Number of protein chains: 4
Amino acid sequence: MTVTKKPSKPQESNERAELRRSQILDAAYKVFSEKGYRDTTVADVAQVLGMGHGTFYRYFTNKHDIFEQVMNSALLRVAKVIASEDPKATNTLAEYRGQVERIGSGMLDLLDSDPAIPRLLFYEAMGISPELDEKIQRVWELSGEVTETYLINGKSKGFLRADLDTSVAALAINALIFEGGRRVVRSADKATAKRRWLKTLVEMIFGGIGS
Amino acid sequence: MTVTKKPSKPQESNERAELRRSQILDAAYKVFSEKGYRDTTVADVAQVLGMGHGTFYRYFTNKHDIFEQVMNSALLRVAKVIASEDPKATNTLAEYRGQVERIGSGMLDLLDSDPAIPRLLFYEAMGISPELDEKIQRVWELSGEVTETYLINGKSKGFLRADLDTSVAALAINALIFEGGRRVVRSADKATAKRRWLKTLVEMIFGGIGS
Amino acid sequence: MTVTKKPSKPQESNERAELRRSQILDAAYKVFSEKGYRDTTVADVAQVLGMGHGTFYRYFTNKHDIFEQVMNSALLRVAKVIASEDPKATNTLAEYRGQVERIGSGMLDLLDSDPAIPRLLFYEAMGISPELDEKIQRVWELSGEVTETYLINGKSKGFLRADLDTSVAALAINALIFEGGRRVVRSADKATAKRRWLKTLVEMIFGGIGS
Amino acid sequence: MTVTKKPSKPQESNERAELRRSQILDAAYKVFSEKGYRDTTVADVAQVLGMGHGTFYRYFTNKHDIFEQVMNSALLRVAKVIASEDPKATNTLAEYRGQVERIGSGMLDLLDSDPAIPRLLFYEAMGISPELDEKIQRVWELSGEVTETYLINGKSKGFLRADLDTSVAALAINALIFEGGRRVVRSADKATAKRRWLKTLVEMIFGGIGS
DNA sequence: TATGAATGAGGCTTCATTCAT
DNA sequence: AATGAATGAAGCCTCATTCAT
């Protein structure tokens, strides 16, 4: 029996599959962000792509599997911004202030382009599964440690207060940046909101609110 | 032994009912905090009290009803701390610093005694129902406005920077306090964590991190 | 130990109990009529009397028990009307016509004072339990047989058609009377409706609609 | 053997779905008729078809939805019989008598093939939902009006009594026909029962029972 | 490889009945 | 005798997952 079936090119097939997989991931990211894990149905995600919902299971093991991958991609984006500067490159307060401005700006831009990240990373992910909880937790800790590297560098070079509680201050700074992100996301005039938050944030970190 | 008069039937009944109701509310608060709204089943709450799940419905209309009441009680506690000081009573930076210390301390204590509040109020409540969303939103706005009152008072009396962006700064301060609460809650040595966060928080707000 | 408890008078107690029982029966009759068997809850019936719903079970075995008794009382009232005349007392068509008018009038009055009877007896009762189904069925058959007695009497005395299918005609006559009842019940002006139905009904039975 | 071209996928799918839908509708019709709305569970209907109860919800929104459709189909069948003759086509009593015989015969056949219709339409449907109540009510009124059209025609042409109360008589005639249907349905020998009822019914309407 | 029909576990809610007070 | 708090069986509905086509 002669088979006239077009021979599959594995290369091409893999590319196609990878593309599809990526499309599903994007759609899931979107839907999870809007409705949360529990309220998102596999059919919801499939419908965004006009795809049969059975097809979903050809690319992902189950709902939890794709959520974990969605979380991974969100975490990666945050990590990239935080790691975008060299913690040891600064020698003066002004230089560090510049760094904070750039990191803050980058983070605000990220959260603006991905308004779902706060919800997704801060709370949505928690309680889905112990593994996921722990992973998120680890990223936040890491994130704090990276910021702390900047502060330790500043302390050692003398342009930050010698009695600065670097680990706590690092978390506080991160919190300010994330809160800024959350607020900018929800604001009507995002450009203005971003400018105001960045200014206030930097002023507070570097000079406090006193006159 | 002092004999207290046996209370009359209906009185006693009401007290019993109120007690039961309160027990269910507490149990629900606990379970909602740990598992979130969607993951919490009415049976879960009932099981905590070792009671049949049908009993639940003698005290609350439905799952949404009790969640709303749980939220109300959480919101009330937060509001009490925020409103515990007089925004116009301060005339110097030092006095205001004292106020922030007391409010921060009160909030940290509250979040310590009620570790669930951040999760409950920040994200868990959202998306359950439009009414609830709006209520939470209103409380956050109000909360920001109260803090802003302190800042406006400081500006008008000259002990805060004239160019301070009061509305943004108010939200930033609130965010710092809440982040402190979240972190203190999770720390092993809460007393130390509280002291460190309070110090860092006040230093940052009033002096920045520079040397 | 001297017991000062008032000695119960069994007589009086029984009377009280019987009164209560009768009150519950009336309330149940009302509620069953309005909402049907499935939609009526024991608590509904108790509430009508401002009585604790647990008390219900002191007077009736269960919900089915009281429904059966409600049905019995309804059936009894119908039977009384049907049996209110003497089937053999008539010797002329005119006399029988008078009987039908009186029975019809009595039934219309009954259904007017008890608008629930049609619903209760015709359909509500069916499907609750096989025993009940059968009982209702038996009553309808009996009811037809009683009416048939009148017709047989008429046939034997020659004032009704010799070829009259008495058993079918009896059921048809009963159906007309009941339909009249149902319609009178729902009409706005019951007196007029009763008069019109009675007239039409008798005319049809005794003369047809032709000119 | 004639080979029929294999239908295209979506076509076939639609047919299959429509078939399934229709099967469920039939099963529901049957179960609703036997047990009534409240006593019928979705699982009951599913079990008749040996299918999982979840499958039901792929074809109908909910239990009320399918009941409404069941009612619609029943109402449609009744309406067809009633509208099967031309009310104005008759000029003599004999002709009208022929019409009544045909309509009565058609209705008896319908109720024989669909023994559930009386229960379904007269009582079962009422009290489920206000919309349904109103729909049923409207059909009965309409049904009476159609029958009345025949009577008015007869009066105007002089072959029916001038003092005939057409609206009441119309309802009475309908009631007779329906009662006949109910009885024929339950009889052992349906052919005979049908003949006897039809004869008695027509005799009564057109001549009364007198000799 | 893609599809979507089918499934049933699981969650919410009601209510008849029991029983301690 | 009266009460009503407590219970859990049972019904409606959703949706993650499977599988035949």
Side-chain angles (χ1 to χ4, degrees), chain A residues 5 8 13 16-17 20 37-47 49-66, chain B residues 9-10 12-13 16-17 19-21 38-46 49-65, chain C residues 8 13 16-17 20 37-47 49-66, chain D residues 6 9-10 12-13 16-17 19-21 38-46 49-65:
Chain A
K5 221 178 30 177
S8 65
S13 170
R16 260 180 166 276
R20 199 70 164 136
Y37 182 75
R38 299 286 160 185
D39 276 354
T40 297
T41 73
V42 171
D44 286 338
V45 175
Q47 197 171 29
L49 301 171
M51 177 186 92
H53 63 279
T55 309
F56 172 89
Y57 290 91
R58 300 201 132 290
Y59 295 92
F60 298 93
T61 307
N62 54 32
K63 197 178 155 185
H64 184 272
D65 175 33
I66 196 174
Chain B
K9 267 287 178 57
E12 182 186 315
S13 172
R16 258 181 173 278
L19 177 65
R20 200 74 162 126
R21 196 189 148 76
R38 304 279 171 190
D39 271 357
T40 297
T41 74
V42 169
D44 287 337
V45 175
L49 301 171
M51 86 189 181
H53 64 279
T55 307
F56 172 89
Y57 291 92
R58 292 190 53 72
Y59 296 92
F60 297 92
T61 305
N62 53 32
K63 194 178 153 186
H64 185 272
D65 175 33
Chain C
S8 65
S13 171
R16 261 179 165 276
R20 199 70 164 137
Y37 182 75
R38 300 285 162 187
D39 277 355
T40 297
T41 72
V42 171
D44 286 338
V45 175
Q47 197 172 30
L49 301 171
M51 175 186 92
H53 63 278
T55 308
F56 171 90
Y57 289 90
R58 301 200 132 289
Y59 296 92
F60 298 92
T61 307
N62 52 32
K63 195 179 156 184
H64 183 272
D65 176 32
I66 196 173
Chain D
K6 201 169 146 193
K9 268 288 179 54
E12 183 187 314
S13 171
R16 257 181 175 279
L19 177 65
R20 199 75 162 125
R21 196 189 149 75
R38 304 280 170 189
D39 270 356
T40 297
T41 72
V42 170
D44 287 337
V45 176
L49 300 171
M51 86 189 181
H53 64 277
T55 307
F56 171 90
Y57 291 93
R58 291 188 54 71
Y59 297 92
F60 298 93
T61 306
N62 53 32
K63 194 179 152 185
H64 186 271
D65 175 33

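Bear in mind the structure is a predicted one, so any value in this text is a computation, not a measurement. Sequence lines set the chain letters: A, B, ... in the order given, protein chains first and strands last, and positions in each chain run from 1.
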- Nearest nucleotide by nearest heavy atom, which residue falls closer to the 5' end of DNA chain E, D:His53 or B:Thr61? D:His53
- What is the distance, rounded to the nearest whole Å, between atom NZ of D:Lys63 and atom P of F:dC13? 8 Å
- Task: Please state whether the phosphate of E:dT14, meaning OP1 or OP2, lies under 4.0 angstrom from any side-chain nitrogen or oxygen of B:Tyr57.
- Result: no
- Item | Partner nucleotide, any strand, of E:dA6 [Watson-Crick/G-U, under 3.5 Å] | F:dT17
- Task: Could you check C:Gly52 against D:His64 and say which one's nearest nucleotide on DNA chain F is further toward the 5' end?
- Result: C:Gly52
- Task: Mind checking B:Tyr59 for me? I need base, sugar-phosphate or nothing, with any heavy atom below 4.0 Å counting as a touch.
- Result: sugar-phosphate
- Just call it for D:Thr41: base, sugar-phosphate, or nothing, with non-hydrogen atoms closer than 4.0 Å on any strand. sugar-phosphate
- Student check: side-chain heavy atoms of C:Tyr59 and C:Ile66 closer than 4.5 Å: no
- Hey, is the side chain of B:Arg20 poking within less than 4.0 Å of OP1 or OP2 on F:dA6, counting only N and O atoms? yes
- Take D:Ala43 and A:Tyr37, find for each the nucleotide of DNA chain F with the closest heavy atom, and name the residue whose nucleotide sits nearer the 5' end. D:Ala43
- Note on the structure: Rounded to whole Å, the CZ-C1' distance (B:Phe56 to E:dC15) equals 17 Å
- Task: Take the protein atom CZ of C:Arg38 and the nucleotide atom P of E:dA16, then report the distance between them rounded to whole Å.
- Result: 10 Å
- Task: Give C:Thr40 one of three labels, base, sugar-phosphate or nothing, depending on what nucleic acid heavy atoms sit under 4.0 Å from its own.
- Result: sugar-phosphate
- Task: Check whether any side-chain heavy atom of C:Arg20 sits under 4.5 Å from a side-chain heavy atom of C:Met51, and report yes or no.
- Result: yes
- So, do D:Asn62 and D:Asp65 sit near enough that their side-chain heavy atoms are less than 4.5 Å apart? yes
- Task: Tell me the partner of F:dA1, counting only Watson-Crick (N1-N3 plus N6-O4 or O6-N4) or G-U wobble (N1-O2 and O6-N3) with both under 3.5 Å; none if nothing fits.
- Result: none
